[in-house]
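Taking it in order: structure first as C-alpha cells, then the write-up.
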Amino acid sequence: MSYKAEYIWIDGTEPTALLRSKTKILADGAEPPVWGFDGSSTNQAQGHSSDRVLRPVLTCPDPIRGGANVLVLCEVEEINGDPHSSNSRALLRPIAEQFAAQESWFGIEQEYTFFKGSRPLGFPEGGFPAPQGPYYCGVGADAIFGREIVELHLDRCLAAGLAISGINAEVMPGQWEFQIGPASPLEVGDHMWLARWLLYRTAEEFGVEATLDAKPARGDWNGAGAHTNFSTRAMREGYDAIITACEALGEGDKPMEHITQYGQGIESRLTGAHETAPWNKYSYGVSDRGASVRIPWQVEVEKKGYIEDRRPNANVDPYVVARLMVNTCCSALEKAGQV
C-alpha cells in the first residue's frame, strides 16, 4: 500500500512569493521525509547550483484527494541545512520563541478576489456592476458570485484541520474573505499558507483565478487586505497593555518598518479612503475603520481583548506580519512590565 504526499512550499518570487507543490508517493506508514527540488525554476537558485531542500514542518489530511493522502507544508533550506533567504518562517521562529511566555494570539482576515479571464467574477463584459453596497455579506445571484467555490474551500479547510473561523462576501463583486485564528505566531502562518493553497486549488477546478492583489479593481472599489488581529495574555487581561501595543506600533520608525513589509502595492490600497488610513500616517482609535489600528468597541467596554492592524495587504506574508507584530508589541510590553 502507498499514499500521496503533496509537498507545498513558498517560492522566491519577488515582490510577492508564490506557492509551489509537487507529489511524492510514500509507502503506507512512512513519514514524509526531507525532499528536494529545482530552485532555479522557483527563483530560489541559479542553474549551476540549483538543488534546494524541502523540510516538512506540518502535515495534515489532504481534503482534495481524501483517504490516507496528506498535505505537507515545508520550509526551504540550502543543501547544508541553513534556511534559504526566502524562508520567512525561519526568521519568525526565534522571535516567537523569545516572547513565547507572553502567549501571542493572531487572527488574520484574508480577503481575496475571484477573476474569470481579465475581469473580477461578476463584472459584466464591457462594463461595470452597480456601485458598492449590496455585495458585502450579500445574498442572491445579483450580488454574490463564486459562493460554490467558497463553500467548498471552507469544507476543505475544515477537513484539513486548519484553524479557519469564518467566511463572508466582501464589498466588491467576486471578493470574499476567510479568517484564520485564533492561533499562535507560527501556527497562523502555517495555516494561512495552507488555506491559500487550498483556495487556489479549489478555484482551479472551476476555471477561476483567486488573486490576493491589493487593488484588484481600480476606481471606487475597496482594496483587499489581511487585517491582523493580535493580542498577548496581558492584553487579554487589561486595557493598559492594549494602549501600550497601539503606541508601540506608532513609535519612531516602527510605522515605516511595518508598512514597507506589509505587502506589494500598499500605496494603492491605503489611500485614506475605502476604510483605510493613509499609508504614510499612523493612527489608532476605538471602532475606527479609518485608523491604521482599530481597537474594537467591545474591547474598550470590557477593558481587555485585542487590536486589529488594518494595514497589511491581502498579499502579505503572514510569517512577516507575525514577526513584526510580536517583536514590536511584545518588546514594548516587556519594557513596560506588562507581561
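Positions are given from 1 along the sequence.
Considering only residues two or more places apart in sequence or on other chains, Lys215 meets the salt bridge (Lys or Arg N to Asp or Glu O under 4.0 Å) condition with none of them. In terms of the side chain to side chain contact (heavy atoms under 4.5 Å, CB included) criterion, residue partners of Lys281 (sequence neighbours excluded) are, by chain and number, Pro278.
Residues Val139 and Ile144 are not in side-chain contact: their nearest non-hydrogen atoms beyond the backbone lie 4.5 Å or more apart.
No donor-acceptor pair closer than 3.5 Å links the side chain of Asp309 to the backbone N or O of Val293. Side chain of Gln44 to backbone of Ile10: a donor-acceptor contact under 3.5 angstrom is found. Side chain of Ser292 to main chain of Ser283: a donor-acceptor pair is present (N/O by atom type, distance under 3.5 Å, no hydrogens or angles). No donor-acceptor pair under 3.5 Å is formed between the side chain of Gln179 and the backbone N or O of Gly107. Judged purely by atom type and a 3.5 angstrom limit, Glu111 uses its side chain to pair as donor or acceptor with the backbone of Gly225. The backbone N or O of Val316 lies less than 3.5 Å from no partner atom in the side chain of Asn313, so there is not a single donor-acceptor pair. Side-chain N or O atoms of His191 include one that pairs as donor or acceptor with a backbone N or O of Ala163 at under 3.5 Å. With hydrogens and angles disregarded, no donor-acceptor distance shorter than 3.5 Å links the side chain of Thr42 to the backbone of Ser40. Using modelled atom types, one side-chain atom of Ser165 and one backbone atom of Gly181 make a donor-acceptor pair closer than 3.5 Å. Remark: side-chain polar atoms of Arg269 are paired, donor with acceptor, to backbone N or O of Arg311 under 3.5 angstrom.
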- Item | Test salt bridge (charged side-chain N to carboxylate O under 4.0 Å, His left out) applied to Arg310 and Glu308, step by step | CA-CA 6 Å; Arg310 297 180 56 78; Glu308 177 194 42; 3.2 Å; yes

- Task: Would you please test Glu77 and Arg52 for salt bridge (charged side-chain N to carboxylate O under 4.0 Å, His left out) and show each step?
- Result: CA-CA 6 Å; Glu77 296 179 345; Arg52 292 295 178 265; over 6 Å; no

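The distance from atom SG of Cys330 to atom CE of Met325, rounded to the nearest 0.5 Å, is 9.5 Å. Taking CH2 from Trp197 and CG from Leu19, the interatomic distance works out to 9.5 Å, rounded to the nearest 0.5 Å. Taken from CG in Asp240 to CE in Met235, the straight-line distance is 12.0 Å, to the nearest 0.5 Å. To the nearest 0.5 Å, the span separating NZ on Lys4 from CD1 on Ile64 amounts to 11.5 Å. Between Leu333 atom CG and Thr232 atom OG1 the span is 5.0 Å, to the nearest 0.5 Å. A distance of 4.5 Å separates CG in Leu26 from OH in Tyr3, rounded to the nearest 0.5 Å.
Under the 30°/60° scheme for interplanar angles, the aromatic rings of Trp35 and Tyr7 are found to stand perpendicular. Ring geometry, Phe128 versus Phe123: the interplanar angle exceeds 60°, so the pair is classed perpendicular (tilted spans 30 to 60°).
Under 3.5 Å, the side chains of Glu6 and Ser21 contain a donor-acceptor pair of N or O atoms. The closest side-chain donor-acceptor pair between Asn315 and Gln264, if any, does not fall under 3.5 angstrom. Side-chain atoms of Glu247 and Tyr284 form a donor-acceptor pair, as typed in the model, at a separation below 3.5 Å. A donor-acceptor contact closer than 3.5 angstrom is absent between the side chains of Asp213 and Thr211.
Classification of Asp288 and Arg294 as a salt-bridged pair fails, no side-chain N sitting under 4.0 Å from a carboxylate O. Look at Lys254 and Glu251 and you find no salt bridge, because none of the NZ, NE, NH1 or NH2 atoms lies under 4.0 Å from a carboxylate O.
Because its NZ or CZ atom is both nearer than 6.0 Å to the ring centre of Tyr239 and within 45° of the ring axis, Lys303 counts as a cation-pi partner of that residue.
No path of Ile, Leu, Val, Met, Phe, Trp and Tyr side chains, each step under 4.5 Å between heavy atoms, connects Tyr200 with Val72, placing them in separate hydrophobic clusters. Under a hydrophobic clustering in which Ile, Leu, Val, Met, Phe, Trp and Tyr are joined whenever their side-chain heavy atoms come within less than 4.5 Å, directly or via other members, Leu158 and Leu162 fall into the same cluster. Follow the hydrophobic side-chain contacts under 4.5 Å out from Leu212 and you never reach Phe115; the two are in separate clusters.
Applying the side-chain hydrogen bond (donor to acceptor under 3.5 Å, both in side chains) rule to pairs touching residues 329-339 yields Thr244-Gln338, sequence neighbours excluded. Contacts classified as side-chain hydrogen bond (donor to acceptor under 3.5 Å, both in side chains) and involving residues 145-163 (residues at least two apart or in different chains) are given here: Arg156-Thr202, Arg156-Glu205. Identified under the salt bridge (Lys or Arg N to Asp or Glu O under 4.0 Å) test for residues 217-233, with sequence neighbours left out: Glu103-Arg233. Sorted by first and then second residue, the salt bridge (Lys or Arg N to Asp or Glu O under 4.0 Å) pairs involving residues 165-193 (not counting sequence neighbours) are Arg89-Asp190.
The distance between the ring centers of Tyr135 and Trp176 does not fall below 6.0 angstrom. The six-membered or imidazole ring of Tyr262 lies away from that of Trp279, with a centre-to-centre distance of 6.0 Å or more.
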